[in-house]
Protein chains: 2
Amino acid sequence: MTEARTRILNATRELFLAGGAEAVTMRSVAERVGVTATALYRHFENKDALLRAVIGAGFESFGGYLYRALRGSSASERLRLSGQAYLDFALEQPEMYRTIFMAPHPAVVACEETDGPHQSSTFHFLVDRVRECMQAGALRADEPEGVAIAIWAHVHGLVSLFLTGATGQTEPVFRETYRRSLDRLFAGLDA
Amino acid sequence: MTEARTRILNATRELFLAGGAEAVTMRSVAERVGVTATALYRHFENKDALLRAVIGAGFESFGGYLYRALRGSSASERLRLSGQAYLDFALEQPEMYRTIFMAPHPAVVACEETDGPHQSSTFHFLVDRVRECMQAGALRADEPEGVAIAIWAHVHGLVSLFLTGATGQTEPVFRETYRRSLDRLFAGLDA
DNA sequence: GTCTATAGGTGGATAGAC
DNA sequence: GTCTATCCACCTATAGAC
């Protein structure tokens, strides 16, 4: 029924993940699908609607990564898995990570308005993980919000520096850097 | 003598700081200066040369901020002032910060090739501050490079989240967040 | 050094035939 | 639903007159 719509969406996502939002033009998407640019307007109102659909799916994907961390059997395990999920998403979908967290495209803002504030829901998820760690005695009692910001900033900073090439590291080396750096941060947060 | 060149550079910098690299077009610069776009080619080879000049000045400005931190009278004071200088630069020249550290424009790469690696020299500066703190007994003995990455990632992460609006904080509130978050990190790094 | 005129490219979007 | 033809906006850059 809307199979054409799906094919267009896939082509857009592929172009987007390969070259970012600027690689997505009505012409490039159309060429990849095998139709002319004008045909796309039968399925999407305009380019912005196309980008919003792809980025919205990216938000959902990120949410899925985080959600899996809830499988952990203890508060500290769930927090640890959250950090791992964050890293996995960033390394497996770097262009999506860049768009959502590093260079907010106008379409990202539009997504937040229609689907609710994704970025702040990420923050609230982390605050919940931190709070339950404090209640379980795995983290020293402190303001959960402040500690959550410190953790988020830390993982986001590490990932950003890696993705822009500032660390000059390969992915396996960076994974180790990520682990050790979080250990250093938690050395000051642990109970 | 090269007064025209200076006026062009100023106009470019103003446009750049207001709207980023994409706000800089030969037409917009020319309009701001009060000439036609073609006149600019008498003073700069092309648009890229124009951007490189502005971004190169941004790098120098950032270096100046860091350099002032060396006025501190002790190792730990110099490290503290470095963190403050980093924050000041990011908040006073957000668009320049964004360009240099968050969304490496092709012109940034070009600057690094001609003027030397600025990003890695920032890292080395920080490693030096960390190392002298360890030697002075102000930081626990550890790998200086790993600790420097942790600190850099932390400050960069905080600043990035603020500049993208993810924290939802005002600047004065964020300055306090920045201070407290660094305190939390150093709680695990202090001797 | 600055102008006008112009070439040449990219990209979003619509009209109307099929 | 998809096509061709087309418009419009905006961009970098050059040639040659003044």
Side-chain angles (χ1 to χ4, degrees), chain A residues 1-56 95 98-99 103-111 113-114, chain B residues 1-56 95 98-99 103-111 113-114:
Chain A
M1 193 140 142
T2 51
E3 196 206 313
R5 200 175 193 277
T6 306
R7 269 184 294 131
I8 293 172
L9 230 38
N10 285 340
T12 306
R13 202 192 59 248
E14 287 161 18
L15 284 166
F16 178 84
L17 292 180
E22 65 203 24
V24 176
T25 69
M26 299 305 270
R27 285 168 163 82
S28 66
V29 171
E31 187 184 18
R32 198 173 189 86
V33 173
V35 296
T36 58
T38 52
L40 304 181
Y41 289 89
R42 283 283 154 189
H43 306 279
F44 291 90
E45 193 190 345
N46 51 32
K47 180 186 171 180
D48 222 59
L50 204 50
L51 274 179
R52 258 183 287 129
V54 167
I55 291 173
E95 203 56 52
R98 227 185 289 270
T99 301
H105 190 273
V108 174
V109 181
C111 276
E113 281 167 3
T114 56
Chain B
M1 192 142 139
T2 50
E3 197 206 314
R5 200 175 193 276
T6 305
R7 270 183 294 129
I8 293 172
L9 230 38
N10 285 340
T12 306
R13 201 191 60 247
E14 287 161 19
L15 284 166
F16 178 83
L17 292 180
E22 65 203 26
V24 176
T25 68
M26 299 306 268
R27 283 168 162 79
S28 65
V29 172
E31 187 184 18
R32 197 173 188 88
V33 173
V35 296
T36 58
T38 52
L40 304 180
Y41 289 87
R42 282 282 153 190
H43 306 277
F44 291 89
E45 193 190 344
N46 51 31
K47 181 186 171 180
D48 222 60
L50 203 49
L51 274 179
R52 257 183 287 129
V54 167
I55 291 173
E95 201 57 52
R98 226 184 290 271
T99 300
H105 191 274
V108 173
V109 181
C111 276
E113 281 167 3
T114 56

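Below, chain A is the first sequence line, B the second, and so on; all start at residue 1.
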Under 3.5 Å: donor-acceptor pair, side chain of N46(A), backbone of A49(A):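 Confirmed, N46(A) side chain pairs with A49(A) backbone.
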Would you check if the side chain of T36(B) reaches a backbone N or O of A30(B) as a donor-acceptor pair within less than 3.5 Å? no
Are any non-hydrogen side-chain atoms of T99(B) and F16(B) less than 4.5 angstrom apart?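 The answer is yes, as the side chains (C-beta and beyond) meet within the 4.5 Å cut-off.
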Using side-chain heavy atoms (C-beta onward) and a distance below 4.5 Å, is L9(B) in contact with L50(B)?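 In short, these two side chains touch, coming nearer than 4.5 Å.
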Is any NZ, NE, NH1 or NH2 atom of the basic residue among R27(A) and E31(A) found under 4.0 Å from an Asp or Glu carboxylate oxygen of the other? no
For a quick check, with a 4.0 angstrom heavy-atom cut-off, what is the B/S/- contact string for nucleotides 11-18 of chain C, read 5' to 3'? BBBB----
[X] [atom1] to [N] [atom2], straight-line distance once rounded to whole Å:
X      : N      : atom1 : atom2 : answer
I8(B)  : dG1(C) : CD1   : P     : 10 Å
R7(B)  : dT2(C) : CZ    : C1'   : 12 Å
L40(B) : dT2(C) : CG    : P     : 9 Å

Taking every heavy atom of S28(B) against every heavy atom of A23(B), the minimum-distance pair comes out as OG-O, 3.1 Å
Minimal non-hydrogen separation, G19(B) against E95(B), with atom names: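 So the two residues come closest at C-CD, 4.5 Å.
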Pair R13(A), N10(A): side-chain N/O donor-acceptor within cut-off below 3.5 Å: yes
DNA chain D-proximal residues of residues 28-36 of chain B, any heavy atom under 4.0 Å: none
